[in-house]
Each structure stands twice: as C-alpha cells, then as structure tokens.
Asks: 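This is the structure I want to talk about, given as structure tokens.
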Amino acid sequence: MSRAAPTIRVQAEPFDLAAESAALAAGRVDVGGLASFVGLCRADDGLAALVLEHYPGMTERAIARIAEEACARWPLTGCTVIHRHGRLEPGAPIVLVLTASAHRAAALEACAFLIDWLKTRAPFWKREEFAGGTERWVEAKAEDDLAASRWDDAAAARRGETP
Amino acid sequence: MSRAAPTIRVQAEPFDLAAESAALAAGRVDVGGLASFVGLCRADDGLAALVLEHYPGMTERAIARIAEEACARWPLTGCTVIHRHGRLEPGAPIVLVLTASAHRAAALEACAFLIDWLKTRAPFWKREEFAGGTERWVEAKAEDDLAASRWDDAAAARRGETP
Amino acid sequence: MRVLYFAWVRQKVGVAEEEVSPPESVRDVAGLVAWLAARSPGHAAAFAQPRQVRAAVNQDFAAPDAPVRPGDEVAFFPPVTGG
Amino acid sequence: MRVLYFAWVRQKVGVAEEEVSPPESVRDVAGLVAWLAARSPGHAAAFAQPRQVRAAVNQDFAAPDAPVRPGDEVAFFPPVTGG
C-alpha cells in the first residue's frame, strides 16, 4: 500500500467532490473505501451569510498537522481536506474531508476524526450575518471540544491507558 | 426539518456520487453535513473481478428497512443507498451510502451504521474471479458481524440497558 | 411453495429456483431443509452443514423455527457478503 | 515582533496587525498580553477577558507561559470555529 501525501487547500472557491474523490481512487486498486464529509452553511435563525476569516499560513500548517495525525492513526491511502473562507451563503459547501483506505472502518473513522479536529484546531472564525443587518461571531461549542476529545480517549485506549 | 424518503437503488450501472450528493442538498438550507461512503473493488491476491449476486425483491426491501432504521435513529434530512450487482473489476465502485443531516455527528454515524448493516443484512453475495481462472465465494467475516453489533450496543446504551 | 437458492447453495443444488409441495408435516424452515436435503445429492450437499445456510421466508430473514406454508417464497443462501 | 489579531479580537483592537517592541521583561505570551492591553482602550477591551483569547507563536498554538522573543510572529484570536 502506498500512501499519498495529503492534499490540503484553503480557498474562497467551491470544491468539486466528484473530482477530489476520483483523484483519491484514480489508477489504484488498493482502495476499498472512500469516506467523505461535506459541511454546508445552514440558514438557521434567518442567517443571510457566514463570513469565514482565517489565519493564512497557519491555517495550511494546522490542517497539514491534523491530516498527518490522521495518516499516523489510520492506514490511509489518501486524504484530502479543502476548507473555504470568505462570504458563504446558506446552502454553500464550507469544508470537504475525504479519506481513502483499503478498509471501510479506517476511512470512516479518519473522516470523522478529521472534521472533529478541524473544528477545534484549525484557525478559522465564523461571523454570522443576519437578514436584519446584525452580525455575530459564532462561539466555540463545548460539544465540539467534547467530540474532538473522544479521539484523545481513543488513542489512549489503544495505548492501554485509562481515558 | 423535513425528512425525505430514502433513495434506494440496486443496479448494474455505476452511480454518480456528485449527482446523488447534490440531490440531497439541492434547494435546502437545513443541511449542515453530508457524509458519504463509497465501497470499491480491491485487487487483492490477483483478483480479476468480483461478481455480485443478489436476491431481487428482497434486496430492495432489506435495504429499505436498514435505511428506515437509520432514519429512526438519527435526524436525517436525507439518505441514499445505491448497491451495484453483476461483474465488477478492481477499482470499480460497488456501493454508495449518503446521509444528510443538520449536524455532522448524525450524518457521519448514520453513514457508518448503514454500511455496517448493509454488510450483514442485505442479501448480496460476492464471488471472486482470479487471474488464473479460479473462483471463490467470499465468506462472511466475523469482524463485519462485530462491526454491525456495535450498533445494537449503541441502541441498548441509549435505552439505558447494559450491552 | 417456491424455493429459491443463491450463491454456492444455488450452485450445489443445481437450480436457482423450484416449485415444491412438501407434506403437511413440514411446518418450519428446519423441517423444509430436512425434506429438501433428501431430494437429490445436490440438495444434500447444499444442506450438509445447515449452520452455513441462511433462510428467508417471503423475503424476510427467517430462523430455523420460522413457519413455512403453501404459497410461501422460501430462499436459502450463505451468510451475506455485500457492501 | 509582529502581532496579528483575528475575528473579534481584531475588531476590538482596531488593526489586523502591528509591529511592537515590548521591553525585555516581556518573556511569554501572558506577559505580552498584559503589555499589549495597556497600549490603547481597544487593546484593553480585546484582552479584558484573557481566557476568551487564544494565542499562536510562529503559527503554532501557544499557552500563556509559551516564550516570546523579538522576531516572533504572535497572533491572538478567539477559540476557533471552523469546519
């Protein structure tokens, strides 16, 4: 099994799920499962748009580390993370995570891990713009920290420690 | 949140991940996460092709039940399962599972649940054809039963029972 | 009663489906298996290890003690391996 | 030392980045926060609740006791909310 370097992009433009997915499987016959997650902008509470700010330079670096961590924990044949920034309206895709592996459990678990860690470790900030003209910075959620921390427990459990 | 009826197809033809994915989000602003899993044919041990046999009638029925179970367990806004049959060569996609929900955890968990239950509850059988002309029926794996049974535990845990 | 066979069970029996009329004493899946196994060497081979064979009655998975009746569609097959 | 601000920290400070030359007594992130908070009412507002502000030194997340040195790139921002 040859491991491809993770593909990481931070961009304003939309991404192409089919093309990115095809790229992870193209010309290979050792990929048994491809998992993906696409995060989209919901129109909660009259939301007109999300504006995503990020920290150019650190963002790519942080995502690269998260992807490396996923590749260290699961036998992935490939992994792609694309995160958009800028102004995104309801229905717009925000983030794409794609993982490929010989076996489904690795692809699915790594995909869930990546989005959980992106939520808590990638330097993005969301500002909500509402129809009435008001704005609000999205606050970090305790449930996201909890979701991310279960992977600490998982790693600890594999090492034989009590979480 | 309106729930769409699951889309279920059993077909010889390939499927279109992008089109199916777009269909689950099209015209909606209540979808926060779209998870997908694509199972592909690997070329293990000189495999030339997989031939998938199924039980027409029961297959659709069994998949519909599995999808209904997923919709009962998680607040999905949509769910698609497409399973191919017939002769599939290494690299070919075999099965597509797509789930949509307001929140990522529901989409990701339901996606993993669906593929685990499909493996153990949908009437498909795989025959491997090797380069030398030999053939072999794939045997059911204990690890697949184990993967499927963790969802029994999860449901039991939610009901307050000891697994 | 319509009986269907899939995968290696079909290959061993030699046919994909058949119409059968078991005696009234055949009341459940296990009874039908015992009766079918006596029909031919192919049937006998297919059912030689009953624990390797799964059943469905009217397109629902069925345990050995599930009832079978005239008019039912009963299928026999190995543990499934899809996905 | 280059200091960057993001999200509401940037809005409160009023600039996205600035070059600063803190005294030698400023040796870590917490010390830099205390020194920056005294520069203007905007800085003071941004750092009024230090536990709400996260830091990165040279593009790595950094704790309050992480050292800072001349030439470093130090960033301050709220807890991240991407994904």
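A, B, ... follow the sequence lines: proteins, then strands. Residue 1 opens every chain.
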Asks: Whether the A:W117 and A:E69 side chains hold a donor-acceptor pair (N or O, under 3.5 Å, no angle test) is what I'd like checked.
Replies: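 Side chains of A:W117 and A:E69: no pair found under 3.5 Å.
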Asks: Could you tell me how the ring of D:F76 sits relative to the ring of D:Y5: parallel (under 30°), tilted (30 to 60°) or perpendicular (over 60°)?
Replies: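 Aromatic pair D:F76/D:Y5 classed parallel.
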Asks: Roughly how far, to the nearest 0.5 Å, is CZ of A:R42 from CG of A:L50?
Replies: 9.5 Å
Asks: Can you run down the ring pair (Phe, Tyr, Trp, His ring centres under 6.0 Å) pairs that involve residues 6-33 of chain A, sequence neighbours left out, and say none if there aren't any?
Replies: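 Residue pairs with at least one partner in residues 6-33 of chain A: there are none.
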Asks: Could A:R127 and A:E129 be called an ion pair, given the rule that one side-chain N must be under 4.0 Å from one carboxylate O?
Replies: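 Looking at A:R127 and A:E129, the cut-off is met.
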Asks: To the nearest 0.5 Å, what is the distance between OG1 on A:T59 and CD1 on A:I8?
Replies: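 A:T59 atom OG1 to A:I8 atom CD1 measures 11.5 Å (nearest 0.5 Å).
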Asks: Can you pull out the residues in residues 134-146 of chain A with any heavy atom less than 4.5 Å from chain D?
Replies: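 Hits under 4.5 Å: A:W137, A:V138, A:E139, A:A140.
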Asks: Select one option (side chain, backbone, both, neither) describing which atoms of A:R84 are under 4.5 Å from chain D's heavy atoms.
Replies: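 Nothing of A:R84, per the 4.5 Å heavy-atom cut-off to chain D.
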Asks: Does A:L52 reach the side chain of A:I94, with side-chain heavy atoms less than 4.5 Å apart?
Replies: yes
Asks: Can you check whether anything in residues 34-73 of chain D gets within less than 4.5 Å of chain A, heavy-atom wise, and list it by number?
Replies: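 D:A56, D:N58, D:Q59, D:D60, D:F61, D:E73, listed by number.
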Asks: Does the ring-ring contact (aromatic ring centres under 6.0 Å, His included) test come out yes or no for A:H83 and A:F124, once each step is laid out?
Replies: CA-CA 9 Å; A:H83 204 304; A:F124 286 92; 3.5 Å; yes
Asks: When rounded to the nearest 0.5 angstrom, what is the spacing between CD1 in A:I63 and CG in A:L114?
Replies: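 Nearest 0.5 Å value for the CD1-CG distance: 10.0 Å.
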Asks: Do you know which two heavy atoms are closest between A:S21 and A:L34, and how far apart they sit?
Replies: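 Looking at all heavy atoms of both residues, the shortest contact is OG-CD1, 3.4 Å.
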Asks: Taking the side chain as C-beta and beyond, is there a heavy-atom pair between A:L24 and A:T77 under 4.5 Å?
Replies: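 No. Closest side-chain heavy atoms not under 4.5 Å.
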Asks: Chain D heavy atoms under 4.5 Å from A:H85: which part of the residue, side chain, backbone, both or neither?
Replies: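 Interface part for A:H85: neither.
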Asks: Can you check whether D:W8 and D:F77 have ring centres sitting under 6.0 Å from each other?
Replies: no
Asks: Anything in residues 14-32 of chain D with a heavy-atom distance to chain A below 4.5 Å? Please list those residues in order.
Replies: none
Asks: Roughly how far, to the nearest 0.5 Å, is the CG atom of A:L98 from the CG atom of A:L17?
Replies: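 CG of A:L98 is found 6.0 Å from CG of A:L17.
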Asks: Which atoms form the tightest heavy-atom contact between A:Y55 and A:W125, and what is the distance?
Replies: N-CZ3, 4.0 Å
